[in-house]
Structure formats: structure tokens, C-alpha cells
Protein chains: 2
Amino acid sequence: MSQHRLSPVEKMRRLREFLRREQRFPSHAELAALYGYTSKNAAARWLRRLEQLGYAVRGAGGKWRQTSRLLGRTRLLGAVTAGFPSPAEEELVDTLSLDEYLIERPEATFMLTVTGDSMRDAGILPGDLVLVERGAQPHRNDVVVAQVDREWTLKYFGRDRQGVYLDPANPAYQRIRPRESLVMGGVVRAVVRKYR
Amino acid sequence: MSQHRLSPVEKMRRLREFLRREQRFPSHAELAALYGYTSKNAAARWLRRLEQLGYAVRGAGGKWRQTSRLLGRTRLLGAVTAGFPSPAEEELVDTLSLDEYLIERPEATFMLTVTGDSMRDAGILPGDLVLVERGAQPHRNDVVVAQVDREWTLKYFGRDRQGVYLDPANPAYQRIRPRESLVMGGVVRAVVRKYR
DNA sequence: CTTGCCGGTGTCCGTTCGTTCACTTATAGG
DNA sequence: CCTATAAGTGAACGAACGGACACCGGCAAG
């Protein structure tokens, strides 16, 4: 029987395509079909290679699972000044999942839509989304979501001898020193803005 | 035999936990174990319910796949002013995958790190990440990545009788009118900033 | 009280799964 | 050219899988 060889790059491309389409790992048989193999064994060997290379791991029950290097939706590049990669390079670049990158504690993280421009100079504009982690201890200059006088706002967090204060990032607003108790909603871990 | 009932909320919680941990859909047997059932059939019935409710769909080969309502890593909330939900509400709120939300064409999307402050007033700061879609047609006031005089920059895109121009979002910089050809890297679809 | 339905149990069956083994073919190095 | 190694073939195996079936308990409506 004649054999069939695919370049590693092409194999990765087809696997990524499958993962994006089906959002699950292919079975041995499916992977074989994907690569044009007639034997499941060849697919199984390729999986073991992927494991060695850190592109796949085994979860509970010994089932395969992709790593974010493989599944991530975007290719990670350097600075703008570096320019763009050639098509040949592209396939080899690692990918990244924004979810995994931005969210460390999914069970405690919420998304809020920003209203108001009090954090304008910090690059947080009305309509932006902020990822807020609840229950985290805020540090100086963290952006926090806090309730002051029954209203929720975004501010820089600070603390000095007189106690806690909240700073806006916009000269049109002033520092706030909460008189009574300060209700802390959480710490802003990331800002996301989508155009269009 | 005594029967076993779990609230729908608890079922969803356990399923989400499994998905986060294993990044795949449980088999009927695994789902039964997760819910304390002794029969696979009860699990299969629950899956059909999930399908009706739009939390799961079937992919190629009839295999189950989660929707982003189920898998997404963050809970989606309203404006900051709306406050925070009570723990009871939280379990019922839809979740969102940032990857799916931000990236429409994964195969054409790249991530770049921003250097320079020429887009400061647009809330794009040094160190931010921008998601760039290659090959898209830019419209007026889109933020684009372009090569001017051998250097890559982020600018607002514009066009008038004299041709194409690029505007910064910072009074310290000036409008650029490319003399020769303009190399367009892509259109910025989203901005992401991670703290810490 | 009776009836119907929903949601669980228990069992079964044909298919697919992952894994292993012996064998064969392609490729690169000496 | 010969040889070692990597990679694909083909067949076999038990285990797990999805799906189907009959059955039954709890509960609410009539």
C-alpha cells in the first residue's frame, strides 16, 4: 500500500481547523480521516508527539485536551514596529486564548460596561468593558469598582494616614474620601474595547 | 430505590465546573456521576433539555458541544451603576467568551503590543494589546495599523479629495499624508489592557 | 381518588473508542 | 548501497459510548 505523508505544519493547520470548528478534540479515527490516514495507529502516534511538544495534555479519564497554544484564537505577535509575519511564519506562531490570558479566577470575575468618563486619562472610556475580580484585595493605584454614596463608580484606589481615598483619572473630577463605609465591588483586572 | 433530585441551578453549576476543568463535554456516564445519578438515561434526558434551552448543540458526528452561553469564562453584567447581583442571581446569568466576542475571523486576526502614545486620546496606551484584522477594508475613523515611511504605526484612517490620510489621537502629533504607497497592515477591531 | 407526566432506575445492544501488536514503507546517515 | 529509524498499514481486543426500552415513584391537575 502506498503511504501518505503530510508536513507537520499542514497537520497542525488541519487540527486547529477541526478544533475551531468542533470545539473538541478529534477521536483517533477522526484525526486519521483528517490526515488521510487509513489507520488509527498513525493518528495515535501523532497525538503522543503533540503531548511531547506541549500542544496537548491528558485530562481526567485519560482523554485528550488541547492546550491554549493550540486552541487560542489569536496569533501572538510582537510590537507594531516589528511588522507582520510572512504567511510561512504564521502557521508556526503560538496562539493565545484571551479568556485564559485575562481571567485568572473565572468564578469570581464579572464584566461591566463603563459609563462616565471619570477614568478617561487611564484609557477607560464610556462603553468599554471592564473585567472585575470580586473579593480581591486592592493595592495602591489599582482601578477598583466601589460604591460611594449609593452610587457605583470606577476609580483609582489609594490609602494614606487619613484612610482610604479614591482618585479619578480626569481633572474634571475630584478625589473622594468616603465618609462612612466604603463598599468595594472588586478590582479591575482588564479593560476591553470592541470597535464597530 | 430512592431517587435523587438536584435543582437546575446546581446542575448547571456542576456542568460548568466540569467544562472549565476538562474543557470538553462529559459523556453520559460522567454526567450521571457528576449529578449522583445511577443511570445514564437521566443524564441523556438532561442533555436534551440543555439542547432545547440553547445551552448545548450537536456538532459533526452527533457529538455534544457547549455553546458560549455555557462555556464563557465571564459573567456578563450591565453598567457599573447597576451594582452587583446577589449570589442567587449569579448562577443564572449568561456567560460570554471573550475570544468569540472579540474575534470574528480568527484566521485573519493577530495581536500586537502597542508602543508609543500617538493614540492616547483614543484610549490606546503603550503596553495595550490590539486585535488586528488583516485584509479588512478600513472605513473612516477606524483605527488601522499602517506602514508609513518604513515604520508601522497606529492611526485613525481617513480619506478625502486629496486621498488617504492618517490621524493621530494626540495633539502632539500631526496628520500624515503618505506620499507614496501606503501599506495597510489591518484594521484594529479591539483593544485589550491587562493590569498587573 | 384517579390520571398523566416528569424524572429518575435498570438493562440491553450495536457502534465506536483507545490501545496494542506485527508488519511494511519512506527517509536520512554513514 | 546498506542500515537504522521514523512513520503509516492493518487487524484485533476489551472497554466505554450513545441510544433505546420498559419500568416506577412523586407530584400536581382534574
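Naming: A, B, ... by sequence-line order, numbering from 1 per chain.
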Problem - Single-linkage hydrophobic cluster, 4.5 Å side-chain cutoff, L19(B) and V57(B) together - result: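 Unlinked, L19(B) and V57(B) end up in two clusters.
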
Practice task
Tell me what A42(B) touches on the nucleic acid: a base, only sugar-phosphate, or nothing, going by heavy atoms under 4.0 Å.
Solution key: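 Base contact - A42(B) has a heavy atom under 4.0 Å of at least one base atom.
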
Exercise for the section: Under 4.0 Å between any heavy atoms, over every strand shown, what does R49(B) touch: base, sugar-phosphate, or nothing? Just pick one. Expected result: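 It contacts sugar-phosphate atoms only.
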
I need the [atom1]-[atom2] distance between [X] and [N], as an integer number of Å.
X: R45(B); N: dG19(D); atom1: CZ; atom2: P; result: 14 Å
X: L47(B); N: dG8(C); atom1: CG; atom2: C1'; result: 15 Å
X: E10(A); N: dA7(D); atom1: CD; atom2: P; result: 17 Å
X: Q52(B); N: dC6(C); atom1: CD; atom2: P; result: 10 Å
X: Y37(A); N: dG8(D); atom1: OH; atom2: P; result: 3 Å
X: L31(B); N: dG19(D); atom1: CG; atom2: P; result: 13 Å
X: R48(B); N: dG7(C); atom1: CZ; atom2: C1'; result: 12 Å

Exercise for the section: Check every atom of dA22(C), dT9(C), dG7(C) against the side chain of T38(B) and return the nucleotide holding the closest atom. Expected result: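 The nucleotide sitting nearest to the side chain is dT9(C).
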
Problem - CD-NZ distance between E30(B) and K40(B), expressed to the nearest 0.5 angstrom - result: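 Nearest 0.5 Å value for the CD-NZ distance: 11.5 Å.
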
Handout entry: Y55(B) OH to M12(B) CE distance, which is reported to the nearest 0.5 Å
Key =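 Those atoms lie 4.5 Å apart.
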
Exercise for the section: Would you check if the side chain of R14(A) reaches a backbone N or O of L31(A) as a donor-acceptor pair within less than 3.5 Å? Expected result: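 Checking the backbone N and O of L31(A) against the side chain of R14(A), no donor-acceptor pair under 3.5 Å is found.
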
Problem - Q162(A): side-chain contact (heavy atoms from CB on, under 4.5 Å) partners, not counting sequence neighbours - result: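 Listed in chain order: D160(A), R177(A).
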
Exercise for the section: Flag the pair R24(A) / K63(B) as yes when at least one side-chain heavy-atom distance between them is below 4.5 Å, and no otherwise. Expected result: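 Touching, per the 4.5 Å side-chain cut-off.
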
Exercise for the section: Check whether any side-chain nitrogen or oxygen of K11(B) sits under 4.0 Å from OP1 or OP2 of dG7(C), and answer yes or no. Expected result: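 No.
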
Practice task
Give me the ring orientation class for W64(B) and F25(B): parallel if the planes are under 30° apart, tilted from 30 to 60°, perpendicular past 60°.
Solution key: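 Parallel.
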
Practice task
Would you state whether a donor and an acceptor, one from the side chain of S39(A) and one from the base of dG10(D), lie under 3.5 Å apart?
Solution key: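 Answer is yes: a donor-acceptor pair is held.
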
Handout entry: Under 4.0 Å protein heavy-atom contacts per nucleotide of nucleotides 12-18 of chain D, with B for base, S for backbone only and - for none
Key = -----SB

